[in-house]
**Student:** 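Take a look at this one; I'll ask things after.
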Number of protein chains: 2
Amino acid sequence: MAYHFSPIKLDDKGHIRDSVFAILRNAILDKKLEPGQRLVERSIAEELGISRTPVREAIHKLVLERLVTHVPRKGVVVSGFTKADIVEILVIRTSLEALICSIAAAKIKPRELKRLESLAKQISDEHEKGNLKKSNQLNDKFHEIIYRAAESPRVHSFLNTLHEYITKFTQVAYSKPGRPAEVCVEHKAIIEALSKHDSSEAEAVAKKHAKNSSKAFLEMAYCD
Amino acid sequence: MAYHFSPIKLDDKGHIRDSVFAILRNAILDKKLEPGQRLVERSIAEELGISRTPVREAIHKLVLERLVTHVPRKGVVVSGFTKADIVEILVIRTSLEALICSIAAAKIKPRELKRLESLAKQISDEHEKGNLKKSNQLNDKFHEIIYRAAESPRVHSFLNTLHEYITKFTQVAYSKPGRPAEVCVEHKAIIEALSKHDSSEAEAVAKKHAKNSSKAFLEMAYCD
DNA sequence: TTTTGGAATATGGTATACCAACATCCCTTG
DNA sequence: CAAGGGATGTTGGTATACCATATTCCAAAA
């Protein structure tokens with residue numbers, strides 16, 4: 001059975017395993033590989049024109065991220081994403097988003113607060129111009145500032161992973177009527193809580209922000 | 001430089017990479033490998049009497065768990081655990097513990113509640129008998145019941161990982177005078193919230209429980 | 001004595017080879 | 001024709017070989 005992967009270009013200076021990981025990951029998230037489908041190391045390696053070793057290492061990472069499941073004596077198969085899985089990811093993100101915000105409140109510097117205010121304004125501007133892509137990028141930066149301010153590498157990297165899962169669908173969430181305006185209001189509330197270095201308020205508003213975002217996503221994604 | 005690992009016994013039916021992972025992980029958590037020390041694939045493989053392949057895969061998992069850090073053109077080095085790292089792990093656990101408890105409140109079955117009550121009683125009994133080891137085991141079971149009730153595999157497995165980090169020190173926390181009694185009270189409060197299927201109360205009491213446990217740990221571990 | 005070039009070495013990344021377990025299918029045998 | 005068994009193939013796990021890069025160190029030249 002063929003996966004229809006193109007041979008890898010070797011001009012990449014990064015490690016092959018990372019390229020393979022990205023290829024497989026995108027294929028799964030883009031549903032090019034169906035849930036339940038087996039991933040056969042030899043076949044993938046052959047199609048990509050490389051050896052099994054980097055393929056194995058890439059698959060390993062996928063297992064750790066639960067995008068594929070290891071079945072004894074069968075190899076790995078693509079995991080299915082049920083609605084329950086999506087919900088779990090969203091609630092984890094909500095919880096950690098609240099956590100990192102409360103931590104950030106205690107540590108954030110005036111310089112970073114300034115940057116957040118500037119970004120919030122830009123985001124709102126781009127919204128009005130209808131520039132979804134740009135405003136999404138800026139939105140990511142907004143949250144990245146907060147993540148960094150919290151100086152909590154584990155939470156930070158975990159949130160990034162979750163974010164990548166969700167990103168594949170996020171423009172859907174933003175297309176919900178009225179959501180962009182809400183986002184602006186919520187961003188302002190977050191900035192205010194952070195400015196006051198009020199951890200519990202920051203936790204509360206961040207949780208509300210993430211919950212609303214999750215809700216908007218679920219409504220749009222599962223309206224059927 | 002020698003790591004002083006003994007050759008692996010091959011009678012293990014499990015995969016070698018898992019054995020290697022456990023060996024390295026324990027060595028790091030038990031401080032037999034010092035922070036900053038390099039892990040050289042060839043040397044480890046040689047000492048264990050196996051090939052590099054399973055060693056590589058084990059090291060990969062360690063990187064994902066941040067127990068070691070990959071340094072370009074250097075290989076991997078053992079990560080240092082500062083107090084900030086411990087604190088971060090504890091607050092993540094607190095956050096997820098609260099989350100999983102609130103989810104469990106909505107899903108838990110009478111059968112599981114019965115089991116929790118029985119365990120809480122046993123734990124308190126073993127405390128009084130001064131049987132720390134046994135009561136710790138039962139405590140783990142107590143939380144495991146709740147984890148399972150939540151049916152949230154990602155949170156569940158993440159909490160297990162965090163738990164293993166903390167476990168290495170946990171008997172310290174329990175040695176704090178008065179803590180065992182508090183634990184019993186907190187367990188009762190958790191059971192009550194779960195019985196009422198009150199998610200927000202469950203979240204609150206679980207958070208308090210985890211926070212108190214973290215506090216007890218930090219006080220005992222860093223009294224100097 | 002200092003500097004520099006290159007060879008030797010160390011090490012991780014990648015490719016390949018080998019093996020054991022399991023599945024599949026055909027052939028034999030009743 | 002059906003059932004059992006063995007040959008063969010598939011696949012993941014492990015071992016080994018090879019390669020590229022970077023570091024170290026020594027020797028030769030200025």
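Throughout, a chain's letter reflects where its sequence line sits, starting with A, and its residues are numbered from 1. Keep in mind that the numbers below use all heavy atoms, side chains included, and drop hydrogens, waters and symmetry copies.
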**Student:** Could you pull out all residues at least two apart from F158(B) that satisfy ring pair (Phe, Tyr, Trp, His ring centres under 6.0 Å)?
**Tutor:** F158(A)
**Student:** Please state how far atom CZ in R17(A) lies from atom C1' in dA15(C), giving the value in whole angstrom units.
**Tutor:** 15 Å
**Student:** Rounded to whole angstrom units, what separation is found between the CD1 atom of I44(A) and the C1' atom of dG12(D)?
**Tutor:** 13 Å
**Student:** If the helix axis at each end comes from five base pairs, how far does the helix from dT1(C)-dA30(D) to dG30(C)-dC1(D) deviate from straight, to 10°?
**Tutor:** 20°
**Student:** Give, ordered by number, those residues of residues 51-59 of chain B having at least one heavy-atom distance below 4.0 Å to an atom of DNA chain D; if nothing qualifies, reply none.
**Tutor:** S51(B), R52(B), T53(B), P54(B)
**Student:** Any idea which of dA15(C), dT14(D), dG12(D) is nearest the I50(A) side chain?
**Tutor:** dA15(C)
**Student:** Figure out the CD1/P separation between I16(A) and dT21(D), and round it to whole Å.
**Tutor:** 13 Å
**Student:** List in chain and number order the residues that pass side chain to side chain donor-acceptor pair (under 3.5 Å) with S95(A), two or more places apart in sequence or in another chain; answer none if no residue qualifies.
**Tutor:** S95(B)
**Student:** Consider the side chain of R42(B), meaning its heavy atoms from C-beta on, and name the nucleotide among dG12(D), dC19(D), dA15(D) that approaches it most closely.
**Tutor:** dC19(D)
**Student:** Within a strict 4.5 Å, meaning less than it, do heavy atoms of the K211(A) and K215(A) side chains meet?
**Tutor:** no
**Student:** Which residues satisfy the side chain to side chain donor-acceptor pair (under 3.5 Å) test with T69(A), sequence neighbours excluded?
**Tutor:** S79(A)
**Student:** Using whole Å, report how far CG of L48(A) lies from C1' of dA15(C).
**Tutor:** 15 Å
**Student:** Determine which pairs satisfy salt bridge (Lys or Arg N to Asp or Glu O under 4.0 Å) with at least one residue from residues 87-100 of chain B, sequence neighbours left out, and list them in order.
**Tutor:** R154(A)-E88(B)
**Student:** Is a side-chain donor-acceptor pair under 3.5 Å present for E47(A) with H4(A)?
**Tutor:** no
**Student:** Once you round it to whole Å, what is the distance between C1' of dT10(D) and CZ of R38(A)?
**Tutor:** 8 Å
**Student:** Identify all side-chain donor-acceptor contacts of residues 54-66 of chain A below 3.5 Å with residues at least two apart in sequence or on another chain.
**Tutor:**
from   : atom 1 : to      : atom 2 : distance (Å)
R56(A) : NE     : E57(B)  : OE2    : 3.1
R56(A) : NH1    : E41(A)  : OE1    : 3.3
R56(A) : NH1    : E41(A)  : OE2    : 3.0
R56(A) : NH2    : E57(B)  : OE2    : 3.1
E57(A) : OE1    : R17(A)  : NH1    : 3.1
E57(A) : OE2    : R56(B)  : NE     : 3.0
E57(A) : OE2    : R56(B)  : NH2    : 3.0
E65(A) : OE1    : R25(A)  : NE     : 3.4
E65(A) : OE1    : R25(A)  : NH2    : 2.9
E65(A) : OE1    : Y165(A) : OH     : 3.2
R66(A) : NH2    : S157(B) : OG     : 3.4

**Student:** Among all residues two or more places apart in sequence or in another chain, which pass the side chain to side chain donor-acceptor pair (under 3.5 Å) test with D18(B)?
**Tutor:** none
**Student:** Could you give the CG-to-C1' distance, from D18(A) to dG12(C), as a whole number of Å?
**Tutor:** 14 Å
**Student:** Only counting residues at least two apart or in another chain, list the ones meeting ring pair (Phe, Tyr, Trp, His ring centres under 6.0 Å) with F142(B).
**Tutor:** H187(B)
**Student:** Report the distance from atom CD of E41(B) to atom P of dA17(D), rounded to the nearest whole Å.
**Tutor:** 17 Å
**Student:** What is the distance, to the nearest angstrom, from the CG atom on L62(A) to the P atom on dG12(D)?
**Tutor:** 14 Å
